[in-house]
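Working notes for the structure below.
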Amino acid sequence: MKKRIGILTSGGDCPGLNATIRGVAKACFELMGEENVEIVGISNGYYGLIHNLCRVMQPSEFSGILTQGGTILGTKRQPFKMMTVIGEDNVDKVKNMRETYKKQKLDCLLTLGGNGTHKTSKLLSDEGLNVIGLPKTIDNDIYGTDVTFGFHTAVDTATDAIDRLHTTAASHSRILVCEVMGNKAGWLTLNAGIAGGADVILIPEIPYDIDKVSAALMKRAASGKGFSIMAVAEGAFDQEEAKLKKKERARKREEAGIITATGRIAAQVQAATGIEARVCVPGHMLRGGSPSAYDRILATKFGVHAAKLIEQEKYGRTVAMVNGKITSNKLEDIAGLTKFVSPKDQLVVTAKRLGVSFGDE
Ligand code: F6P
């Protein structure tokens with residue numbers, strides 16, 4: 001019997017989305033025969049599912065996209081907490097998504113996304129839809145998987161940015177603060193910081209004391225090293241802010257006119273050390289470009305595994321890598337949870353043994 005498979009990409013994009021779409025589609029055609037599979041592309045994430053923006057895709061559309069960044073389906077942020085809220089447009093989003101699934105005669109729905117996407121996937125699964133998730137994000141913070149696709153490419157890009165900052169920091173004897181994406185989790189900053197040889201790494205999971213950060217920079221300067229590199233996660237905060245709730249923290253920063261964590265940090269360390277400091281924000285560059293070879297392989301493995309789940313009609317799950325093996329987790333076991341960096345993580349310990357400061361000791 002013919003299978004109609006809906007597919008959407010939701011939330012912030014990342015390299016490897018197209019490679020995953022390709023992996024799923026090609027493996028479905030191989031496993032079940034091209035004549036038995038129809039892939040329905042849903043535009044712009046859950047927005048497209050809510051508004052029935054769907055079309056049957058031709059097998060040829062899945063060729064030539066392995067190396068392409070972004071997503072051929074388009075994406076949109078559709079916050080989970082608003083999914084069950086009926087707004088001014090009077091649209092019942094959950095009802096609409098259920099109806100699109102029915103109207104399109106879908107046998108299952110593939111959702112490529114991060115933490116927010118997975119929460120909605122679980123909601124739709126509870127509503128009786130056959131859902132399979134695929135873990136994407138440059139943040140690498142999806143619970144239950146060793147790694148998400150997009151992360152490794154972003155680590156490479158952020159590392160390249162830090163490498164380039166090294167030379168200019170050295171020429172000018174400056175402190176260069178590189179702001180790396182990651183609001184809640186510091187995986188990207190931690191990995192790129194180590195790969196780029198940062199002297200200070202600040203992440204949300206380890207609140208910093210600015211005096212300790214400055215002391216580490218002074219120690220470097222005193223030992224004759226004229227410059228320093230700091231890798232700072234966009235969501236980093238200090239030990240005083242750690243005592244506050246997220247909203248309170250944001251309000252206080254707004255009152256103080258602080259726009260970014262890194263802007264304040266650069267001003268503070270410059271004042272404390274007397275060394276000129278500059279900030280660099282690679283920002284969305286970290287989400288762009290062609291996936292690395294690692295991510296192409298990972299995305300392909302994840303996509304092929306999803307195709308196998310479809311063939312076996314195993315739904316309500318999300319693909320994962322656990323201890324290096326491709327598998328899947330139940331959506332109910334992972335949705336709503338975040339994978340944070342433990343302050344005792346081997347990478348943190350490794351960096352500390354090198355003398356990298358996290359601003360906490
Ligand atoms: O979730 C991925 C991410 O890249 C975060 O690291 C970052 O905070 C956020 O997206 C930025 O999202 P956008 O600018 O697309 O709203």
Side-chain angles (χ1 to χ4, degrees), residues 8-18 20 43-48 69-71 73-83 111-121 133-145 147-162 177-193 201-205 231-237 241 246-247 249-250 253 258-263 265 279-292 295 298-299 318 334-341:
L8 60 81
T9 53
S10 173
D13 70 343
C14 74
L17 282 164
N18 290 325
T20 308
S43 301
N44 299 332
Y46 290 120
Y47 179 86
T71 160
L73 295 171
T75 187
K76 207 173 168 67
R77 288 203 184 271
Q78 195 78 43
F80 170 73
K81 60 174 188 271
M82 299 308 288
M83 278 298 185
T111 57
L112 281 63
N115 280 325
T117 303
H118 277 80
K119 285 195 254 182
T120 300
S121 304
L134 283 139
K136 71 92 234 219
T137 168
I138 64 163
D139 295 342
N140 195 33
D141 60 352
I142 297 184
Y143 194 81
T145 184
V147 68
T148 55
F149 62 86
F151 172 64
H152 272 264
T153 309
V155 171
D156 289 347
T157 310
T159 302
D160 183 51
I162 295 173
V177 185
C178 184
E179 180 176 309
V180 182
M181 271 193 175
N183 237 320
K184 293 185 191 150
W187 293 108
L188 184 52
T189 310
L190 176 62
N191 281 268
I201 297 177
L202 304 181
I203 58 175
E205 293 91 335
V232 179
E234 61 177 334
F237 47 83
E241 290 176 309
K246 201 177 164 194
K247 275 199 181 143
R249 204 154 62 218
R253 279 195 188 182
I258 297 161
I259 299 169
T260 62
T262 43
I265 290 168
V279 174
C280 168
V281 185
H284 291 78
M285 276 176 59
L286 303 177
R287 292 229 302 252
S290 180
S292 64
D295 269 334
L298 181 69
T318 188
I334 64 104
L337 299 173
T338 303
K339 184 182 73 180
F340 291 111
V341 175

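This is a predicted model, so every value here is computed, not measured. Order of listing sets the numbers, starting from 1, for every ligand and every atom in it.
With hydrogens and angles left out, the side-chain atoms of T153 and D295 include a donor and acceptor closer than 3.5 Å. Under the 3.5 Å distance criterion, with hydrogens and angles disregarded, a donor-acceptor pair is assigned to the side chains of Y46 and S121.
In summary, the atoms of ligand 1 found under 4.0 Å from a heavy atom of E234, numbered by their order in the structure, are 5 (C), 6 (O), 7 (C), 8 (O). Of all atoms in ligand 1, listed by their number and element, those nearer than 4.0 Å to a heavy atom of I138 are 4 (O). Near G182, meaning under 4.0 Å from one of its heavy atoms, ligand 1 places the atoms 6 (O). Ligand 1 places these atoms under 4.0 Å from at least one heavy atom of D139: 1 (O), 2 (C), 3 (C), 5 (C), 6 (O). Every atom of ligand 1 is numbered from 1 in the order shown, and the set under 4.0 Å from a heavy atom of H284 is 13 (P), 14 (O), 15 (O).
Between atom 10 (O) of ligand 1 and the options M181, K136, R77, the minimum heavy-atom separation is to R77.
K81 has its side chain out of reach of K119: every pair of non-hydrogen atoms, C-beta onward, lies at least 4.5 Å apart. Contact check for V279 versus T260: no side-chain heavy atoms found under the 4.5 Å cut-off. With a 4.5 Å cut-off on side-chain heavy atoms, L188 and F151 count as touching. By the 4.5 Å heavy-atom criterion applied to side chains, N140 and T137 are not counted as neighbours. Side-chain contact between V180 and V232: absent, with no pair of heavy atoms (C-beta onward) separated by less than 4.5 Å.
The shortest contact between atom 11 (C) of ligand 1 and any protein heavy atom is with R287 NH1, 3.5 Å.
Residue contacts with ligand 1: G12 is placed with no nitrogen or oxygen under 3.5 Å of a nitrogen or oxygen of the ligand (distance criterion only).
Residue contacts with ligand 1 for L188 are absent, since no atom lies close enough (heavy atoms, distance under 4.0 Å).
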